[in-house]
Protein chains: 2
Amino acid sequence: MSSQRRRATTITDVATRAGVSIATASKALNGRSQVRAETLQRVLRAAEELGYQPNALAQSLISGQTRTVGLLTSDSVGRFGIPVLLGAEDAFGTGEMAVLLCDARGDAIRERHYVRTLLARRVDGIIVVGESTDPRPSISLDLPVPVVYAYAPSDDPQDVSFVPDDVGGARIAVQHLLTVGRRRIAHITGPTHYRAAQDRAVGTARTLEEAGLALSGGQALFGAWSRRWGRQAAEIVLAGDPETDAVFCGSDQIAAGFVEAVRERGLRVPDDIAVVGYDNWEVLSAETRPPLTTIDMNLEVLGRTAAQHLFAAIDGRAASGVHRMSCSLTIRESTMPQ
Amino acid sequence: MSSQRRRATTITDVATRAGVSIATASKALNGRSQVRAETLQRVLRAAEELGYQPNALAQSLISGQTRTVGLLTSDSVGRFGIPVLLGAEDAFGTGEMAVLLCDARGDAIRERHYVRTLLARRVDGIIVVGESTDPRPSISLDLPVPVVYAYAPSDDPQDVSFVPDDVGGARIAVQHLLTVGRRRIAHITGPTHYRAAQDRAVGTARTLEEAGLALSGGQALFGAWSRRWGRQAAEIVLAGDPETDAVFCGSDQIAAGFVEAVRERGLRVPDDIAVVGYDNWEVLSAETRPPLTTIDMNLEVLGRTAAQHLFAAIDGRAASGVHRMSCSLTIRESTMPQ
DNA sequence: AGACTGACCTAAAAGGTTTTCGCAACGTAG
DNA sequence: CTACGTTGCGAAAACCTTTTAGGTCAGTCT
């Protein structure tokens, strides 16, 4: 390893080499105007030759800004943390911000610990990424830096949260099914106690109601977020109303299971039954046969927005409350024959 | 937002409140021994009451250690970056290290930029996570901090790299197939130009050779890392040698496609054809029907090891070269009927 | 000549912490 | 009473940078 740990060159070295004081060197390096052109050049050259890189720690110590934000996730391995993280990293990366990553793994103790160390490191703000859309405990109480919540909202209405608009997402899905001419639409989704499942069921119910239709089977089928449940639910749906011509599934996993089961019974997707998934989890939605039409929560956008809002909050302007970010429809073959 | 930005309490505040000098306060807070018991208590109480938290920036400025490492990834969204990241975060999290995340998105310019800012922030070390096992350009030349490479090795043999042992992984896969009694084994894998595909093919060939067997079809089938290729290859394999009784696939995606196609032809897995995948990408390997026996590269372990090695390097001990981390076998139903 | 202006530069302080060194007080031994 | 060691504490330097408040000098105006 070529890493002989040598002392980093400081502004003093640069100043000495250029034959000026460190104050002048600082001004030259920062483009302040009280430096003669010739002196400016000397300093810049010296800095170049020495490979000078200002010590961000010292800068932060004076400015009080670290240009660093903490990203606290409950579950970074999860489906949802990653895109949000990427979006945030994207919003920051273009500037000069850096992201300090902390994975609390759903443990409240760990979470508090991380918040403490983030504060000790004097981050300028914190983004909290949840793993479901259910409200989570606020960490913001009496914190000296702004906090925004992404995906999972804070339970404190004073806080700022960005969550996908699941009611709206469901509406888009059902409207699409109506548009392609389906009328007997069933809804298969995750566990009742998930806010996401509730919201999507509500959106589905409302949209059908507005169209003067009822849910095929009378009510939404709550189960698990799994492929297995998708398969099981297929039996239930087909047994309940064999005339069902479309299903809106609360996740791509469920949709994948549903399609599988339905095809094994000899029915065609989308000809006999159209299917819409949720999440646009590409590995699943693009790879099933046929590929799934699905709702995309635009999590990267959500993450980016949350990050941008954090900037705003750092600069002093905050707009508290829960912001619902709209979802979009990705159309593939499971609803539209090619 | 409850974040009225108030000045953080400093050690001066604590010292004042305790009625001692900041030097004494510092010693008390850090458990130095030159403090009377009674004074110690006073200082600790004052710190407690004020909610004092030492400023990590100031500490780092003196100590020269930031207890922060940079994690530079080419592709954090990818299959491979995440587990490595988690493993690293794991190794660090237990201590007091923090991870500064940078996603260069495969862009060399961006990468250099990030290295510069990481150095400006005086990180103690850098982990570079690649997106394939192909060697990548070294960034370590003349860097003042240690660097370790994970998943993708550096092309400079002086550097320290941790990569999965794909030759060994293939060996394990094939040996498992031999153990369950298969003799006509085919190998379907990714593009020729991937080091991973090459290695796995080599491991396959060697192991068969040692068993006195030849590859079904005469040679490995190189294609893409996709499900589609898995399906296509199924046709080729079955057309070439209908007696083939096992297939080792270079990825779970390929395996999933293969299984799908084979089952559509009415063949049973594993009864007629046993299938082993690669990656143990749970969403795929555990959800296909039947679930896939697959090779797990233990990327989290790899990441953790890389991180631990970085510690060692920071503390002065480095062991350069490419370290191949062994893979393991996850047995599911695609090779062993339940 | 003296005062003023403007351009260019520097000394010093500030930011928060740790560490080194010195100082005072006290007790003990001679 | 002196010499000396111990204990407890504080002043100041160090880490590196930016900013403020001057300072010097040359030139210009009265």
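Labels below follow one simple rule: chain letters A, B, ... track the order of the sequence lines, proteins then strands, and each chain is numbered from 1. We use all heavy atoms of the structure for the numbers below, so side chains are in, but hydrogens, waters and symmetry mates are not.
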Distance, nearest 0.5 Å, that separates CG of Asp124(A) from OG of Ser60(A):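 The distance works out to 8.0 Å.
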Nearest-0.5 Å distance that lies between atom OG1 in Thr68(A) and atom CZ in Arg122(A):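 If I round to the nearest 0.5 Å, the distance is 12.5 Å.
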Distance below 4.0 Å between Arg32(B) side-chain N/O and dT18(C) OP1 or OP2: no
Side-chain N or O of Gln59(B) closer than 4.0 Å to phosphate OP1/OP2 of dT18(C): yes
Heavy-atom contact window of chain B on DNA chain D, given 5' to 3' at under 4.0 Å: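 Both ends considered, the range comes out as dG8(D) to dC16(D).
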I'd like to know if the side chain of [X] reaches the main chain of [Y], judged simply by a donor and an acceptor atom lying under 3.5 Å from each other, with no hydrogens or angles considered.
X: Asp13(A); Y: Thr10(A); result: yes
X: Arg304(A); Y: Ala91(A); result: no
X: Thr133(A); Y: Ala152(A); result: no

Whether over 12 other heavy atoms sit under 6.0 Å from Glu38(A) CD: yes
Distances under 3.5 Å between protein N/O atoms and the N/O atoms of nucleotides 9-13 of chain C, please, pair by pair.
from	atom 1	to	atom 2	distance (Å)
dC9(C)	OP1	Arg36(A)	NH2	2.9
dC9(C)	OP1	Thr39(A)	OG1	2.4
dC9(C)	OP2	Arg36(A)	N	2.9
dC9(C)	OP2	Thr39(A)	OG1	3.2
dT10(C)	OP2	Ser21(A)	N	2.8
dT10(C)	OP2	Ser21(A)	OG	2.9
dT10(C)	OP2	Thr24(A)	OG1	2.6
dT10(C)	O4	Lys27(A)	NZ	2.7

Rounded distance (Å) that lies between atom P of dA14(C) and atom CD1 of Ile62(A): 13 Å
Nucleotide dT17(C), atom C1' - distance to CD of Gln53(B) in whole Å: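 Distance check: Gln53(B) CD to dT17(C) C1' gives 14 Å.
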Five-pair end axes of the helix from dA1(C)-dT30(D) to dG30(C)-dC1(D) and the angle they enclose, rounded to 10°: 80°
Parallel, tilted or perpendicular: rings of Phe311(B) and Phe92(B) (30°, 60°):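 Aromatic pair Phe92(B)/Phe311(B) classed perpendicular.
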Stepwise salt bridge (charged side-chain N to carboxylate O under 4.0 Å, His left out) check, Asp159(A) with Arg136(A): CA-CA 11 Å; Asp159(A) 292 330; Arg136(A) 46 147 296 139; over 6 Å; no
Sugar-phosphate, base or nothing in reach of Ser26(B), heavy atoms under 4.0 Å: base
Residue met sooner reading DNA chain C from 5', once Leu61(B) and Ser33(A) are mapped to nucleotides: Ser33(A)
Side-chain donor-acceptor contact under 3.5 Å, Ser138(B) with Tyr149(B): yes
Between Ser154(A) and Asp156(A), a side-chain donor and acceptor under 3.5 Å: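 Side-chain D/A pair, Ser154(A) to Asp156(A): absent.
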Val147(A) and Ile127(A), any side-chain heavy atoms less than 4.5 Å apart: no
